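Structure first, commentary second.
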Number of protein chains: 2
Amino acid sequence: MSGKRNVAQPMAGDTQPRAADEPATLAETAYRRLHRDIIAGVFAPGQPLRLELLKQRYGFSFSPLREALNRLQSERLVVAAALRGFSVAPFSSEEMRDATETRILVECEALRRSIDNGDDDWEAGIVAAFHALDLQARRVKAILGEPGDDDLSALEVRHQDFHRALIARCRSRRLLDLAEQLYAETQRYRLPMLTGRAFADEARDVPLEHRQIMDAALARRSEEATALLAAHYRRTSALIDRNMAAQTAAGD
Amino acid sequence: MSGKRNVAQPMAGDTQPRAADEPATLAETAYRRLHRDIIAGVFAPGQPLRLELLKQRYGFSFSPLREALNRLQSERLVVAAALRGFSVAPFSSEEMRDATETRILVECEALRRSIDNGDDDWEAGIVAAFHALDLQARRVKAILGEPGDDDLSALEVRHQDFHRALIARCRSRRLLDLAEQLYAETQRYRLPMLTGRAFADEARDVPLEHRQIMDAALARRSEEATALLAAHYRRTSALIDRNMAAQTAAGD
DNA sequence: AAACCACTTTCTTTCGAAAATCCTTTCTGT
DNA sequence: ACAGAAAGGATTTTCGAAAGAAAGTGGTTT
């Protein structure tokens, strides 16, 4: 870095473009990069996040880094002990269970309300997101051998977009934000499963599950849609749980 | 303040004693004081929180104050605009409705689980908290004229303790933390009603409502208990809503 | 060998000042 | 008079360093 200060310059490699009317501070940029990297598993669960290390890695100084870490802490991606600094939130079955069940509570309620309030745009949004997800899933499946990171992360974005579209009309900022946060938390657990492909879906047809959720939502069958959504998340959760148990048993 | 630095010294006037194994940093102390003061209405909703002002008022320097404000922002007690600093979260009917409904979603689920898991200690905790609340409520009611701040804030503490006791066995850190946060948010709206006493309870018997919730919970009647709890919160919310409308109509 | 103490090192937290940005007022040209 | 530019002041954000606490080291004693 040169000696010059630079607050608003966007960095190459930013994934989420920010709203044009909200200039990014360094703290904001640091938050986004750390958020992305923690979810991507760049830092291992439990790993201490030393400020000196982060300063070197990202080129920000303490203040913006601390601000970012504080935000991440309130989203449970980072834990902090007073006077002992920050660490990546460790993995645990217990935490994943709680995150999953809370996510089900929040998203099912949001889906219920969206089904009640949903207009044509809502339906169109779901159909479009499902289609994009389906295309990308086929694309990844068609790849011979290991799919690249780009393909997988594109798939993840589509997946998140689909789930976002389902609950988009719930009319509650709190529920939407909670869903976003809980998605990030659980995503972290899902990641090793995606890249490894070792513990793949077995007898599961995930695209079919998505389609069934969509169909029930569009047909305004709340009970069915929420039940399917909950089952969808619980299946993933159970799968991860088994893998975590297997990995720790294997002396990981 | 003298020129000396001071990290761990507790301040007089701290309400919540901290856990003994977690030494308070200045940022932690600043967070607690600001949290308390915002809820107590020391700063008006919407008021900008200039750092220079806070520095003078509390004696902390920028870093701990910013850290505290960031935490409060993620709890929606404070809003921030990039490069334009922090303000107390403004009041709005819409926000209160969302906070109330989210609180109902979260606490009803937590109550349901507590009823399923509740042991003898859970029951004892509820009975004790109810008793303490009831005593304090009678004490306040018996006071001639305006009750003092101490009496009212003691009442508030008892009230919160009672609601905490109800959901104490839900076995979900996330639900408990969310309930805590949503309590703080809605508490802010309730405050003017308490002190003013102008818009008091009308035909409401709040102690009776509490007793009915308790009875249903102890009798393990989930459906009834959650319905009563939801109604309890919605009544308060509706009352506040009317007052807010009246106040703004009166050219406030 | 385990427990204890003083010393050193490492790291977090806090401070005060500098830089960047926003906001208001004043000035300029039409 | 009025839109737009420019200056000036106020405020936030960031930096680098210093202070304070925790962890580590090595030697001494029990």
Side-chain angles (χ1 to χ4, degrees), chain A residues 1-11 18-34 43 46-74 78-89, chain B residues 1-11 18-34 43 46-74 78-89:
Chain A
M1 283 246 295
S2 72
K4 288 266 171 174
R5 212 92 79 70
N6 186 343
V7 171
Q9 181 171 26
M11 314 283 296
R18 62 172 185 278
D21 53 1
E22 273 290 297
T25 59
L26 290 185
E28 175 73 17
T29 312
Y31 165 76
R32 290 202 184 124
R33 309 255 316 264
L34 272 165
F43 306 105
Q47 176 183 340
L49 294 167
R50 300 252 168 60
L51 287 169
E52 191 54 45
L53 175 87
L54 299 178
K55 187 176 166 178
Q56 291 194 3
R57 187 174 162 74
Y58 296 106
F60 304 120
S61 82
F62 296 125
S63 316
L65 286 171
R66 278 183 71 78
E67 187 160 329
L69 290 165
N70 273 306
R71 284 179 64 180
L72 291 164
Q73 185 192 9
S74 70
V78 156
V79 295
L83 299 176
R84 237 169 297 175
F86 301 87
S87 317
V88 179
Chain B
M1 283 250 293
S2 72
K4 289 264 170 173
R5 215 88 83 70
N6 186 342
V7 172
Q9 181 171 25
M11 314 285 294
R18 64 173 185 277
D21 52 0
E22 273 290 297
T25 58
L26 290 185
E28 175 73 18
T29 312
Y31 165 75
R32 290 202 184 123
R33 310 257 312 265
L34 271 165
F43 306 105
Q47 177 184 339
L49 294 168
R50 300 248 172 61
L51 287 169
E52 192 54 46
L53 175 88
L54 299 178
K55 188 176 168 179
Q56 291 194 3
R57 185 166 163 61
Y58 296 105
F60 304 120
S61 82
F62 298 123
S63 318
L65 286 171
R66 278 185 71 78
E67 187 162 330
L69 289 166
N70 273 305
R71 282 179 65 181
L72 292 165
Q73 185 192 9
S74 70
V78 156
V79 295
L83 299 176
R84 237 167 298 175
F86 301 88
S87 317
V88 179

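It should be emphasised that the depicted structure is a prediction, and the values quoted were computed from it without experimental measurement. No hydrogens, no waters, no symmetry mates; every other heavy atom, side chains included, goes into these values. The sequence lines fix the lettering, A, B, ..., with proteins before strands; numbering per chain opens at 1.
Atom NZ in B/Lys55 sits about 14 Å away from atom P in C/dT14, given to the nearest Å. Taking atom CD on A/Gln73 and atom P on C/dT12, their separation rounds to 14 Å, with Å as the unit. Here C/dT21 presents its P atom at 7 Å from CG of B/Leu83, a figure rounded to the nearest Å. Here the P atom of nucleotide C/dC15 and the CG atom of B/Leu54 are 14 Å apart, to the nearest Å. With rounding to whole Å, A/Leu69 atom CG is found 15 Å from C/dC11 atom P. For the pair B/Leu51 CG and C/dT21 P, the interatomic distance rounds to 18 Å; values are reported in whole Å. One can place CZ of B/Arg84 at 13 Å from P of C/dT21, the figure rounded to the nearest angstrom. Atom pair B/Glu67:CD and C/dT12:C1' shows a separation of 11 Å (rounding to whole Å applied).
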query: salt bridge (charged side-chain N to carboxylate O under 4.0 Å, His left out) between B/Arg32 and B/Glu28: does it pass, once the steps are laid out?
result: CA-CA 6 Å; B/Arg32 290 202 184 123; B/Glu28 175 73 18; 3.0 Å; yes
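Taking A/Tyr31 as the reference, A/His35 meet the ring pair (Phe, Tyr, Trp, His ring centres under 6.0 Å) condition, with sequence neighbours excluded.
Within the structure, salt bridge (Lys or Arg N to Asp or Glu O under 4.0 Å) contacts touching residues 56-65 of chain A (residues at least two apart or in different chains) are A/Asp37-A/Arg57.
Contact check, B/Ser61 against C/dC15: a side-chain N or O comes under 4.0 Å of OP1 or OP2. In this model, the phosphate group of C/dT10 is not approached by any side-chain N or O of A/Arg50 to a distance below 4.0 Å at OP1 or OP2. Between A/Arg66 and C/dT12, a side-chain N or O to OP1/OP2 separation shorter than 4.0 Å is absent.
Of the candidates B/Leu49, B/Val88, B/Val78, B/Val79, B/Val78 is the only one forming a side-chain contact (heavy atoms from CB on, under 4.5 Å) with B/Leu72.
Between A/Ala27 and A/Phe62, the one whose closest nucleotide on DNA chain D sits nearer the 5' end is A/Ala27.
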